[in-house]
Amino acid sequence: MSKGSFLSGRLGLAGARIPHADRHGLLWLSRGKLYVENGTLLFLAAGSDEIDPGLYQIPYQMVSMILAGPGTTITHDVLRILARHGTLLAAVGEGGVKLYTAPPMGQGRSDVARAHARLWADEKERNRIARKMYAWRFGEVFPNRDISVLRGMEGGRLREAYRLIAQRYGVEWKGRRYDRENPEAADIPNQAINHAATFVEAAADIAVAAVGALPPLGFIHEDSSNAFTLDIADLWRVEVTLPLAFSVAARVLKNRELSLEREIRYEAARMFRKKKVIPSMIDQIKELIHVGDDSRDA
C-alpha cells in the first residue's frame with residue numbers, strides 16, 4: 001500500500017455496513033503507532049501480514065470504528081480528535097478474539113438504542129425476536145410459547161449438537177460441565193468450549209458496540225449486563241463455537257504439550273476472518289432491531 005491509502009481492514013470488517021448514515025465500515029490497525037500531526041490522523045505501520053510497512057493517512061471521518069490490535073500505540077491527541085468527530089475506538093485482541101475497551105456510543109445519536117429498547121420493552125416483540133433467533137440457530141420455527149419453554153427446547157437441541165460435533169471430530173464427550181469457580185477443573189473438551197465461547201462473545205461485543213445496540217437488553221438472556229451480546233454469540237454456537245472447540249480439543253488430546261487456550265485463540269482468529277463472523281453479526285443485529293444503513297433520528 002502507498003502513503004495515504006485507505007486501509008482495507010481485516011476479518012472482512014471493511015465490508016460490513018452499519019447504521020451510521022455517514023460512515024462505511026470498520027478499520028483494523030495493528031503493530032504501529034497511531035498519532036496526529038497537523039490535524040491529520042496518521043498510522044506508522046511496522047508491517048504485518050495485512051499492512052505493509054509505511055506511513056498511512058487514516059480517513060477517520062469516513063469510518064465508524066477503529067479497532068486497535070496488538071502492537072498498536074495511541075497518542076492522547078488521537079483520543080481527542082476521534083471523540084470530537086464521533087469515531088469509535090476500541091482495543092481488541094488478535095483477530096477480534098478480545099474486546100479490551102468499551103467504546104462510547106458515538107455520533108450523538110440514539111435511533112438504534114431507542115429501537116432496541118422499544119422492541120425489548122414489548123413482551124410480544126421480545127418473544128418474537130427470541131423465536132427468530134432460535135429459528136436462525138436450529139433451522140426451525142419454535143412455537144409461540146413462554147421464553148422458559150423455548151429455553152427448554154433449546155437445551156435439548158444443544159445437547160444433540162454437542163454429541164454430533166464431538167463425534168465428528170473424534171472427541172469423547174461426557175456432557176457439558178462448567179464450574180464457574182474452577183473452570184480449569186473441567187475435562188479438555190469442556191475447557192475448550194469455555195475458551196471458544198469467550199472468544200465468540202468478544203466478537204459479539206465488537207459487533208454490538210459497532211452498531212450501538214444496548215448490551216444489557218437481551219431477548220433470550222436476561223440477567224447479565226451483556227445479555228444481548230450473549231444472544232448474538234449464541235447464534236454462532238453450532239456453526240462456530242462448537243466446531244472451534246472440538247477441533248482444537250482433538251488436536252490437544254493428541255499432543256498434550258500444546259496450550260489449549262493459545263491454540264483456540266489462534267484458530268478463532270482464522271475462523272472469524274474466514275467466515276466473516278463480525279460483519280455477519282452486525283448484519284444480524286441490524287435485521288433483528290430493524291435498522292439499516294440509512295437510519296435517521298426521528
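Counting begins at 1 with the first residue of the sequence.
Of the possible polar contacts, one joining the Asn190 side chain to the Arg177 backbone as a donor-acceptor pair under 3.5 Å is found. No donor-acceptor distance shorter than 3.5 angstrom exists from the side chain of Gln57 to the backbone of Leu42, with no hydrogens or angles considered. Arg137 places a side-chain N or O within 3.5 Å of a backbone atom of Asp234 that can act as its donor or acceptor partner. Looking only at distances, no side-chain donor or acceptor of Asn127 sits under 3.5 Å from a matching main-chain atom of Asp146. Listed for the Arg151 side chain is a donor-acceptor partner under 3.5 Å among the backbone atoms of Ile220. Checked by atom type and distance alone, the side chain of Arg126 pairs as donor or acceptor with a backbone atom of Trp120 at under 3.5 Å. At distances below 3.5 Å, not a single donor-acceptor pair connects side-chain atoms of Thr72 with backbone N or O atoms of Ala68. With hydrogens and angles disregarded, a donor-acceptor distance shorter than 3.5 Å links the side chain of Thr87 to the backbone of Tyr60.
Side-chain contact check for Leu34 versus Leu44: every heavy-atom pair is 4.5 Å or farther apart. A 4.5 Å side-chain heavy-atom check between Val248 and His195 finds every atom pair outside the cut-off. Put simply, the side chain of Tyr134 does not reach to within 4.5 Å of the side chain of Leu235, judged on heavy atoms.
Scored by the side chain to side chain contact (heavy atoms under 4.5 Å, CB included) test, Ala117 finds Leu214, Leu217 as partners (sequence neighbours excluded). Phe246 is linked by a ring pair (Phe, Tyr, Trp, His ring centres under 6.0 Å) to Trp173, counting only residues two or more places apart in sequence or in another chain. When the ring pair (Phe, Tyr, Trp, His ring centres under 6.0 Å) test is applied to His116, the partners found at least two apart in sequence or on another chain are Phe219, Phe228.
The hydrophobic clustering, which links ILVMFWY residues whose side-chain heavy atoms are closer than 4.5 Å, places Val200 and Leu158 together.
The neighbour count for Glu123 CD, taken as heavy atoms of other residues, nucleotides or ligands under 6.0 Å away, does not exceed 12. Arg128 CZ: more than 12 foreign heavy atoms inside a 6.0 Å radius. The environment of NZ in Lys33 is sparse: at most 12 heavy-atom neighbours from other residues, nucleotides or ligands sit within 6.0 Å.
For the pair Arg157 and Glu154, the salt-bridge criterion is not met [side-chain N within less than 4.0 Å of a carboxylate O]. Ion pair Glu125/Arg118 not flagged as a salt bridge, since none of the NZ, NE, NH1 or NH2 atoms sits closer than 4.0 Å to an Asp/Glu carboxylate oxygen. The pair Asp77-Arg80 meets the salt-bridge criterion, with a side-chain N (NZ, NE, NH1 or NH2) lying under 4.0 Å from an Asp/Glu carboxylate O. Ion pairing of Lys132 with Glu287 is present here, as a side-chain N (NZ or NE/NH1/NH2) and a carboxylate O approach within less than 4.0 Å. Looking at Arg31 and Glu94, a side-chain N of the basic residue comes within less than 4.0 Å of a carboxylate O on the acidic one, giving a salt bridge.
For Ala192 against Leu260, the heavy-atom pair with the smallest separation is N-CD2, 3.7 Å. When all heavy atoms of Ala210 and Ile282 are compared, the pair lying nearest together is CB-CD1, 4.2 Å.
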Would you check, one step at a time, whether the test side-chain hydrogen bond (donor to acceptor under 3.5 Å, both in side chains) holds for Trp236 with Glu201? CA-CA 10 Å; Trp236 295 82; Glu201 287 166 18; over 6 Å; no

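Sorted pairs that involve residues 56-75 and meet salt bridge (Lys or Arg N to Asp or Glu O under 4.0 Å), not counting sequence neighbours, are lacking altogether. The stretch residues 162-176 participates, sequence neighbours left out, in these salt bridge (Lys or Arg N to Asp or Glu O under 4.0 Å) pairs: Glu160-Arg163. Identified under the side chain to side chain donor-acceptor pair (under 3.5 Å) test for residues 34-43, with sequence neighbours left out: none.
Residues Tyr266 and Arg270 have side chains that never bring a donor and an acceptor to within less than 3.5 angstrom of each other.
Going from atom CG of Leu82 over to atom CG of Leu89 covers 6.0 Å, rounded to the nearest 0.5 Å. Taken from CG in Leu119 to NE2 in His290, the straight-line distance is 5.5 Å, to the nearest 0.5 Å.
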